[in-house]
Amino acid sequence: MTTRAEPGDDQSDPGLSAIMSERRQLINLGYRLLGSLADAEDVVQEAYARWYAMSAREQQAIESPGAWLMTVASRICLNLLGSARARRETYVGDWIPEPLPEPAEWITGRSGADGTDPADRVTLDESVTMAFLVVLDSMTPAERVAFVLHDVFRYPFGEVAEVVGRTPAACRQLASSARRRIRSAQSPAGPSAGQAGIVRQFRTAWEAKDIDALISLLDPDATATADGGGLAVTHLHPIVGSEQIARAYAEIARVSGDRTTFLECTVNGLPGLVTRQDGNLSTVFAFEIVDDRIRNIWAVRNPEKIHPWRIR
């Protein structure tokens, strides 16, 4: 990729500020491709390491450092996606993409310090909703990279082909296949305000352990998936069916008792919930709501995945 020189790029002598200005774009790319902020940060660090491993003459010969970094980061992600499936075979329970808080509830992932550089934030839009990321995770690595680069970041297929290692025509087919997966898996969601009301009703019914109220808010074929990664206790297999989910969640509320606090928040740009147990953040819940019913619940309890959250 040799196009898209970003504002601040100095093509003759790219300085530190110009190169580092690409960080947010790279974080956004890495998160969408990998579904993990921690992995995205590792990819960005590796891309920068490769840049600074070059001589000054080699750097100056690159027409657009920003495009070069995007190409390198994309290739690193493609390699990681290829090995991720093997790693998932040893993962305890279901793997769910890492949930992201809204900026006001965000801390720097690695430092643990309050506040964060805007360059470390992922732009929250429809391409990072949990439902969208779950569909992306079902794609082949090549499909995912081709779709994200072309449909999300608007790279032409000729440049996508440089990353994927296939012809532009093949990349066009990969992106088309990815779009079909998304259309078949997702239904149009209602306005965010309406979804917030449904999440609030769910929270109220859950706190009250009201099984009938919970059932009324769930799609009959709803699914609740949890991710503890072997580091937190949770159900290892998805719970399917509104009544089964309602009874399971009511039991969770009964067992946790007064130790658990339920809070409404934004998760990946949409209304969600978090729970605190004994004052500590314990679970982040993302929802997919279709036709005013909850169709999917994703509960992330793996402490490594909820590390960036700061809930007051």
Side-chain angles (χ1 to χ4, degrees), residues 26-44 73-74 76-78 80-103 105-107 109-110 120-141 143-145 147-149 151-153 178 181-182 185-186 189 223-232 234-238 265-274 281-289 294-309:
L26 296 171
I27 288 285
N28 273 275
L29 172 73
Y31 178 73
R32 285 164 175 80
L33 287 178
L34 302 175
S36 165
L37 182 60
D39 287 347
E41 290 173 334
D42 288 341
V43 166
V44 173
S74 298
I76 295 171
C77 287
L78 183 62
L80 288 175
L81 287 169
S83 61
R85 298 194 174 202
R87 296 199 309 271
R88 300 275 177 82
E89 292 179 0
T90 61
Y91 194 83
V92 178
D94 287 285
W95 188 94
I96 297 175
E98 180 180 327
L100 294 179
E102 61 181 343
E105 303 296 351
W106 192 299
I107 64 172
R110 295 303 172 84
D120 292 323
R121 294 178 185 162
V122 175
T123 303
L124 300 179
D125 59 29
E126 64 180 8
S127 68
V128 293
T129 64
M130 189 62 73
F132 196 91
L133 291 173
V134 168
V135 179
L136 286 181
D137 198 56
S138 70
M139 299 177 184
T140 67
E143 280 180 330
R144 187 167 186 170
V145 172
F147 174 80
V148 169
L149 284 177
D151 284 44
V152 177
F153 289 89
R181 286 177 183 260
I182 290 170
Q186 289 189 302
T223 301
T225 307
D227 179 345
L231 302 175
T234 189
H235 51 92
L236 291 178
H237 304 289
C265 63
T266 298
V267 181
N268 287 62
L270 290 175
L273 291 174
V274 300
L281 180 68
S282 59
T283 313
V284 176
F285 295 88
F287 299 85
E288 182 184 28
I289 298 173
I294 297 170
R295 185 166 73 176
N296 276 293
I297 302 174
W298 294 283
V300 182
R301 288 181 51 79
N302 185 336
E304 295 180 349
K305 291 188 176 184
I306 58 178
H307 175 63
W309 288 71

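Residues Cys265 and Leu273 are not in side-chain contact: their nearest non-hydrogen atoms beyond the backbone lie 4.5 Å or more apart. By the 4.5 Å heavy-atom criterion applied to side chains, Ile27 and Leu37 are counted as neighbours. Using a 4.5 Å cut-off on side-chain heavy atoms (C-beta onward), Phe285 and Val267 make no contact.
Applying the side-chain contact (heavy atoms from CB on, under 4.5 Å) test to Thr266 and every residue at least two apart in sequence or in another chain returns Glu102. Under the side-chain contact (heavy atoms from CB on, under 4.5 Å) criterion, Leu236 pairs with Val92, not counting sequence neighbours. In this structure Ser127 satisfies the side-chain contact (heavy atoms from CB on, under 4.5 Å) test together with Arg32, Asp125, Phe132, Val152, sequence neighbours excluded. Judged as a side-chain contact (heavy atoms from CB on, under 4.5 Å), and not counting sequence neighbours, the contacts of Ala226 are Thr234, His235, Ala299. Scanning for salt bridge (Lys or Arg N to Asp or Glu O under 4.0 Å) contacts around Asp137 gives Arg88, Arg144, with sequence neighbours left out. Residues forming a ring-ring contact (aromatic ring centres under 6.0 Å, His included) with Tyr31 (at least two apart in sequence, or on another chain): none.
Gly30 and Cys77 get closest at one heavy-atom pair: CA-SG, 4.1 Å. Here the closest heavy-atom approach between residue Val128 and residue Leu124 is recorded as CG2-CA, 3.7 Å. Nearest heavy-atom pair, Ser74 versus Leu149, reported as atom, atom and distance to 0.1 Å: OG-CD2, 3.5 Å. When all heavy atoms are compared, the tightest approach of Pro238 to Asp94 is CD-OD2, 3.3 Å. Between Glu143 and Ala178, the shortest heavy-atom distance links the atoms O-CB, 4.1 Å. The two residues Phe287 and Pro271 make their nearest non-hydrogen contact at CD1-O, 4.0 Å.
Atom-to-atom distance recorded for Asp227:CG and Glu304:CD is 10.0 Å, nearest 0.5 angstrom. Distance check: Leu81 CG to Leu34 CG gives 5.0 Å after rounding to the nearest 0.5 Å. The distance from atom CG of Leu133 to atom CD1 of Ile96, rounded to the nearest 0.5 Å, is 11.5 Å. A distance of 12.0 Å separates CG of Leu26 from CD of Glu41, quoted to the nearest 0.5 Å. Rounding to the nearest 0.5 angstrom, the gap separating the CH2 atom in Trp95 from the CZ atom in Arg87 is 9.0 Å. Atom-to-atom distance recorded for Met139:CE and Arg181:CZ is 6.5 Å, nearest 0.5 angstrom.
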Point to revise | Verdict with supporting geometry, Val134 and Trp298, side chain to side chain contact (heavy atoms under 4.5 Å, CB included) | key: CA-CA 10 Å; Val134 168; Trp298 294 283; 3.7 Å; yes

Practice item. Run the numbers on Ile297 and Thr225 for side chain to side chain contact (heavy atoms under 4.5 Å, CB included), then give the verdict. Key: CA-CA 6 Å; Ile297 302 174; Thr225 307; over 6 Å; no

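Listed for the Asn28 side chain is a donor-acceptor partner under 3.5 Å among the backbone atoms of Thr123. Between the side chain of Trp309 and the backbone N or O of Pro99 there is at least one donor-acceptor pair closer than 3.5 Å. Distance alone, capped at 3.5 Å, is enough to place a donor-acceptor pair between the Asn268 side chain and the Leu100 backbone.
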